[in-house]
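Notes follow the structure.
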2 protein chains.
Amino acid sequence: MPSTRDRILDACLRLFNDSGPFAVTTAEIARTVGINEGNLYYYFRKKEDILFALFERFQDALNVVANAPHETGGGSDPGLAYLERWFRLMWEWRFFYRDGAAIKRMAPKLRARNVKLADRGQADIKRMLLQMVEQGLLAASEEEVDRLVVNAWIISSYWLDYLDSRHNIGKVTPEHLDWGFSQVLSLFLPYTTKAGQAQEKRRRQHV
Amino acid sequence: MPSTRDRILDACLRLFNDSGPFAVTTAEIARTVGINEGNLYYYFRKKEDILFALFERFQDALNVVANAPHETGGGSDPGLAYLERWFRLMWEWRFFYRDGAAIKRMAPKLRARNVKLADRGQADIKRMLLQMVEQGLLAASEEEVDRLVVNAWIISSYWLDYLDSRHNIGKVTPEHLDWGFSQVLSLFLPYTTKAGQAQEKRRRQHV
DNA sequence: GTCTATAATGAGATAGAC
DNA sequence: GTCTATCTCATTATAGAC
């Protein structure tokens with residue numbers, strides 16, 4: 001049995017992903033965990049503190065993804081494998097993205113950490129893209145790469161919310177995940193060289 | 001002096017754009033308008049109703065943009081002119097985009113209308129792009145056009161929130177508007193033909 | 001560490017006088 | 001149409017027994 005603290009955080013992640021952190025009351029959290037509301041406040045003196053703790057976890061998970069870029073199965077394309085892992089992670093923590101505006105207002109302290117996180121993520125992606133340019137897989141100027149990084153970041157961050165508001169898809173399946181992934185991929189496609197396209201084709205057949 | 005009802009809606013648009021519809025209380029609204037809270041409830045019996053009324057206005061404004069696609073100044077490029085007007089409109093009603101997730105939960109009735117709006121908007125954009133393909137300004141398959149439409153829609157809808165959460169830019173200036181606009185434009189750039197690029201150049205010099 | 005109570009707040013909303 | 005007064009209620013949060 002995990003610790004009560006962990007059970008609280010697990011429950012909150014689920015609840016927040018489903019309904020957003022503001023529609024979820026402390027009473028609901030306690031009920032879900034199966035503890036009393038007073039006990040909840042023993043672990044987290046403010047509701048805000050739960051958000052901080054969850055963000056810590058999120059960061060840790062991101063670090064794992066970022067620091068293990070070479071564990072790809074086929075090994076043929078670390079860039080795409082990285083993107084896929086990163087994508088899945090964002091889905092697991094989707095409430096941070098979906099309710100970003102409201103969270104920012106409630107817990108302004110998270111802002112700075114979030115910026116740091118994006119700084120690093122975008123730097124990672126940019127480095128990866130420039131490397132692909134060097135390898136002759138992509139053909140793009142640095143300015144184009146910068147635009148690409150930002151667009152990829154935005155699509156990745158918001159496609160879940162888009163899917164929900166546009167097509168009433170609240171519960172996302174692996175197929176949807178694929179769709180979003182392709183949507184991001186399509187940003188890079190016009191910049192791929194013949195060599196890059198061949199490699200991508202090999203990857204797809206591999207899956 | 002506009003009617004009290006209009007003054008309420010004007011004030012709410014401002015307040016909501018600044019702080020989001022949930023951080024803004026009915027007390028604050030009444031104070032801003034300079035009326036009593038009780039009076040506010042004479043016009044809108046539920047806070048939700050204010051959102052509905054604002055959405056009506058938003059739709060009307062969109063209709064104006066959509067139905068007047070030929071009023072472009074230089075007349076050389078209706079597509080881009082349309083995009084610019086549409087972009088500015090989204091900025092004026094940015095809280096609908098930024099706080100979409102939370103609004104959806106509070107006023108589920110808005111969902112359906114929102115979907116309709118997106119249906120129409122995306123159909124408009126697609127038609128416009130296909131027309132540009134026919135005119136030889138763009139080179140893209142229909143599948144590519146579909147991907148483009150969705151990506152353009154997502155970037156347009158969320159770049160403001162991105163700017164805020166990524167760079168702490170809450171107050172957007174015309175320069176930022178330009179930045180976002182270019183970001184969307186960069187999606188189409190790799191698909192432009194030589195003829196299309198020449199036309200775009202003429203447009204830029206015209207401004 | 002966990003529970004029972006209960007406080008403290010602050011929001012949305014209403015009734016009825018003017 | 002506008003205001004005063006008041007209500008209801010959900011929610012966060014605390015104190016103290018077990």
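FYI, side chains are in, hydrogens and waters are out, and symmetry mates aren't considered; it's all heavy atoms of this structure. So you know, we letter chains A, B, ... as the sequences are listed, proteins then strands, and number each from 1.
- Ring to ring, A:Phe181 and A:Trp91 are not that close: their centroids are 6.0 angstrom or more apart.
- Nearest nucleotide to the side chain of B:Lys47, out of C:dG12, C:dC3, D:dT4: C:dG12.
- Taking atom CD1 of residue A:Ile29 and atom C1' of nucleotide D:dA13, one finds them 13 Å apart after rounding to whole Å.
- In B:Arg57, the CZ atom is crowded: over 12 heavy atoms of neighbouring residues, nucleotides or ligands sit closer than 6.0 Å.
- Rounded to an integer number of Å, the gap from CZ of A:Arg7 to P of C:dG1 is 13 Å.
- With salt bridges taken as basic N to acidic carboxylate O contacts below 4.0 Å, one links A:Arg111 and B:Asp164.
- If you check C:dA13, D:dT2, D:dT12 against the side chain of B:Thr4, the one that comes closest is D:dT2.
- To the nearest angstrom, C1' of D:dA13 lies 12 Å from CD1 of A:Ile50.
- Of the candidates D:dT11, C:dG12, D:dT14, C:dG12 carries the atom nearest the B:Thr26 side chain, counting heavy atoms from C-beta on.
- You'll find that the side chain of A:Ile35 is closest to C:dC3, out of C:dG12, D:dT2, C:dC3.
- A:Glu28 has its CD atom 15 Å from the C1' atom of D:dT12, to the nearest Å.
- In this structure, of C:dC3, C:dA13, C:dG1, it is C:dC3 that holds the atom nearest to the side chain of A:Asn36.
- Pairing each heavy atom of B:Ser157 with each of B:Met90, the nearest pair is N-CE, 4.5 Å.
- Atom NZ of A:Lys46 and atom C1' of D:dT14 are 14 Å apart (whole Å).
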Report the C-alpha distance between A:Phe22 and B:Phe22 in whole Å, list the side-chain angles of each, state the deciding distance to 0.1 Å, and finish with yes or no for ring pair (Phe, Tyr, Trp, His ring centres under 6.0 Å).
CA-CA 10 Å; A:Phe22 304 100; B:Phe22 304 100; 8.9 Å; no

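- Annotation: of the two residues near DNA chain D, B:Asn39 and A:Tyr41, the 5′-most nearest-nucleotide partner is B:Asn39.
- The B:Tyr42 side chain lies nearest to D:dG1 when the options are D:dG1, D:dT4, C:dA13.
- Following rounding to the nearest Å, A:Leu40 (CG) and C:dG1 (C1') show an atom-to-atom distance of 13 Å.
- At whole-Å resolution of the value, CD in A:Glu37 and C1' in C:dT2 are 14 Å apart.
- Between A:Arg31 atom CZ and C:dC3 atom P there is a gap of 15 Å when expressed in whole angstrom units.
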